[in-house]
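Report on the structure given below.
Ligands are counted one by one from 1 in listed order, and the atoms in each one are counted from 1 as well.
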Amino acid sequence: MAANGSPELLIVMGAHATPEQVDDVVARLAEAGAHAHVTAGKEATVIGAIGERELLATLPLEGFPGVEQVLPILKPYKLVSREIAPDPTVIDVRGRRIGDGYFGLVAGPCTVEYREQTLETARAVKEAGATMLRGGVFKPRTSPYTFQGLGVDGLRILEEARDETGLPLVTELMDPRHVEAVVETADVIQIGARNMQNFILLSEVGKAGKPVLLKRGPSATVEELLMAAEYVVKEGNARVILCERGIRTFERSTRYTLDIGAIPVLKQETHLPVIVDPSHAAGRRDLVPALARAAVAAGADGIIVEAHPAPDEALCDGPQLIPTAEFAAFAEEIRSLVTLMGKEIG
Ligand code: PEP
Ligand code: MN
C-alpha cells in the first residue's frame, strides 16, 4: 500500500490480541486520516502508524484493546527497519527462497553476450546448484565506447535460459523507459550500484510486482542504502534484497573494498535479506572464493557471482569471472559453509 506521511509510531499488539482488535486499531487509524502497515510476526502483530506525527500524538492508541505498547520509530528508515517487522523477510522467487535461513546462490554471466555463452553458463551454474541466474542486458559501463549490452534482444536469450534450466532471472534495469520490458521478463529486477540513488527509478520499481535486488552504491553509506530501499518499499513493494558489492576506498589491490562489517550491521538494522557480490568487490577471480566465504561466515543471506565459459573472451569484467569449469568446486565449498552456518541453499 502506498501511503503519504511517514511511519512514525509502532503499535505492538499483545501476544493474545485478536484479529478483530488488530482490525479495530487499523480502522481507528484510518478514521483519523492515518494509514496502517500491519506485520504479523511470529510473536506478535506490529502495526506501523503512518501519518503526521502531531495527528498521531492525539490518538489514545495505548488504551485500545489488545495494544501492548506504542513506541516511536526513531530511525530515518521506517518500513525497512527491524523494528517494524521483527521477523526476517523471506523472499520467494518462483519457489527459490532468500532470507531467514535460506541462502541464495545467484550466478551467471556479467553480461548476456550471445545465446550459446548465456545458455552454457546457465546450464553450468544450474548443474552446480545455483538458485537463480544473473545476467545483464543493459550494462552500466564506465566507458561509452565499450559494449553496452544487447538490450531487449538479450532478454529473449535470458528467457530461453530460464525455460531450459528453470532458474529465475535476475537482470538489471537502468532506465525508467525500460521498466515495462524488464519487469515483464525479470523475476528479480536489479538496481545497480550506480543507480542506487536514482530515486525515480526506485519509485518505479516500487510499483512493480517483482522483487528488487538493490546494490549499494560504491560511495554510499549503509544508512543511504537503507533509505534507498525505503523508496522502493514505500511504494508498496516490500520484496527488496540488499546487496553489498564493495565500496570505493583508497585501496587499489582490489577493485572495491568489500565492506564485510556492513553485513552484520544491515542484519541488525533491517528485516530485508542481505546478499554479497564478491565478484565486483574483488575484481579478480582469484579473490572471489575468499570474499564469498567471508560473506557466508558474516551472515549474508546469499551471494551473486559472475561466471563465464571463457572469461578471456568476455566482453565485460573478464578478470573477475569464474570459469564455468571451476564453478562446481566453488559452489560446493560455499554449500558446506552455508550448512555450517545452520542455513540451507534456498
Ligand atoms: C553487475 O552486477 O554486473 C554490476 C554492474 O554491478 P554493480 O552495479 O554492483 O557495479
Ligand atoms: Mn559485472
Side-chain angles (χ1 to χ4, degrees), residues 104-113 117-118 121-122 125 130 132-144 146-151 154-155 157-158 169-175 178 182 186-198 201-202 205 211-220 222 224-225 228-229 240-249 254-259 262-263 266 274-285 287-288 291-292 295 300 302-324 327:
L105 182 51
V106 186
C110 168
T111 304
V112 174
E113 298 170 11
Q117 164 257 3
T118 302
T121 311
V125 300
M132 294 188 208
L133 178 68
R134 64 146 290 145
V137 301
F138 296 107
K139 295 302 299 177
R141 302 305 303 276
T142 300
S143 165
T146 52
F147 182 55
Q148 306 284 306
L150 288 180
L155 293 175
I157 298 177
L158 284 174
L169 302 175
V170 181
T171 196
E172 179 164 353
L173 170 69
M174 285 176 52
D175 184 330
H178 300 138
V182 172
D187 296 301
V188 177
I189 310 158
Q190 177 173 326
I191 300 295
R194 291 155 192 81
N195 270 315
M196 188 202 85
Q197 285 187 318
N198 182 336
L201 198 57
L202 295 175
V205 296
V212 173
L213 170 58
L214 179 61
K215 300 188 96 177
R216 179 181 181 183
S219 58
V222 166
E224 286 163 344
L225 172 61
V240 179
I241 302 162
L242 303 174
C243 180
E244 161 59 35
R245 45 77 77 206
I247 52 176
R248 178 57 63 80
T249 70
T254 45
R255 187 176 178 189
Y256 293 93
T257 299
L258 184 63
D259 184 6
I263 303 163
L266 284 166
V274 178
I275 72 168
V276 167
D277 176 344
S279 302
H280 290 88
R284 304 167 30 178
R285 79 178 59 89
L287 301 180
V288 171
L291 296 190
I303 52 173
I304 176 166
V305 185
E306 291 184 339
H308 195 285
D312 292 347
E313 292 160 25
L315 296 178
C316 184
D317 285 350
Q320 71 197 33
L321 307 174
I322 296 184
T324 46
F327 192 80

Discussion item. For the residue pair R141 and F147, would you count it as a cation-pi contact if the rule is NZ or CZ under 6.0 angstrom from the ring centre and within 45 degrees of the ring axis?
Written reply: no

Worksheet, complete the sentence: Rounding to 0.5 Å, atoms OG (S219) and CZ (R194) come to a distance of 10.5 Å

Worksheet item: For atom 6 (O) of ligand 1, which protein heavy atom lies nearest, and how many Å away is it?
Response: K215 NZ, 2.9 Å

Fill in: Sub-4.0 Å atoms of ligand 1 with respect to non-hydrogen atoms of G192
8 (O)

Worksheet entry | Separation between CD1 of I191 and CE of M174, rounded to the nearest 0.5 Å | 10.5 Å

Discussion item. Give the atom numbers and elements of ligand 1 that come within less than 4.0 Å of a heavy atom of P140.
Written reply: 5 (C)

Fill in: V137, L201, L173 screened by side-chain contact (heavy atoms from CB on, under 4.5 Å) with H178, the one that passes
L173

Worksheet entry | CZ on F138 to OG1 on T111, rounded to 0.5 Å | 12.5 Å

Worksheet item: Once rounded to 10 degrees, what value does the angle at the Mn ion (ligand 2) take between SG (C110) and OE2 (E306)?
Response: 90°

Item to complete: Report, in ascending order of atom number, the atoms of ligand 1 lying under 4.0 Å from any heavy atom of E306.
Response: 3 (O)

Worksheet entry | Subset of ligand 1 atoms that lie under 4.0 Å from at least one heavy atom of K139 | 1 (C), 3 (O)

Response to the item:
When L225, I275, D259 are each screened for side-chain contact (heavy atoms from CB on, under 4.5 Å) with E244, the one that passes is D259

Discussion item. Within the structure, is a non-hydrogen atom of G136 found at a distance of less than 4.0 Å from ligand 1?
Written reply: no

Fill in: Name of the residue among R216, K215, Q320 meeting side-chain hydrogen bond (donor to acceptor under 3.5 Å, both in side chains) with D277
K215

Worksheet item: Can you list the atoms of ligand 1 that are under 4.0 Å from a heavy atom of A193?
Response: 7 (P), 8 (O), 9 (O)

Worksheet item: What residue and atom, counting heavy atoms only, is the protein's closest point to atom 2 (O) of ligand 1, and at what distance?
Response: R134 NH1, 2.8 Å

Discussion item. Give the atom numbers and elements of ligand 1 that come within less than 4.0 Å of a heavy atom of R245.
Written reply: 7 (P), 9 (O), 10 (O)

Worksheet item: Are K139 and D317 ion-paired here, with the side-chain N under 4.0 Å from a carboxylate O?
Response: no

Worksheet entry | Side chain E113, main chain L315, donor-acceptor under 3.5 Å | yes

Worksheet item: Looking at atom 4 (C) of ligand 1, what's its closest protein heavy atom, distance included?
Response: H280 NE2, 3.5 Å

Practice prompt. Among the N/O/S atoms of D317, select the one at the shortest distance from the Mn ion (ligand 2) and name it.
Written response: OD2

Item to complete: Could you confirm whether C316 has any N/O/S atom lying under 2.8 Å from the Mn ion (ligand 2)?
Response: no

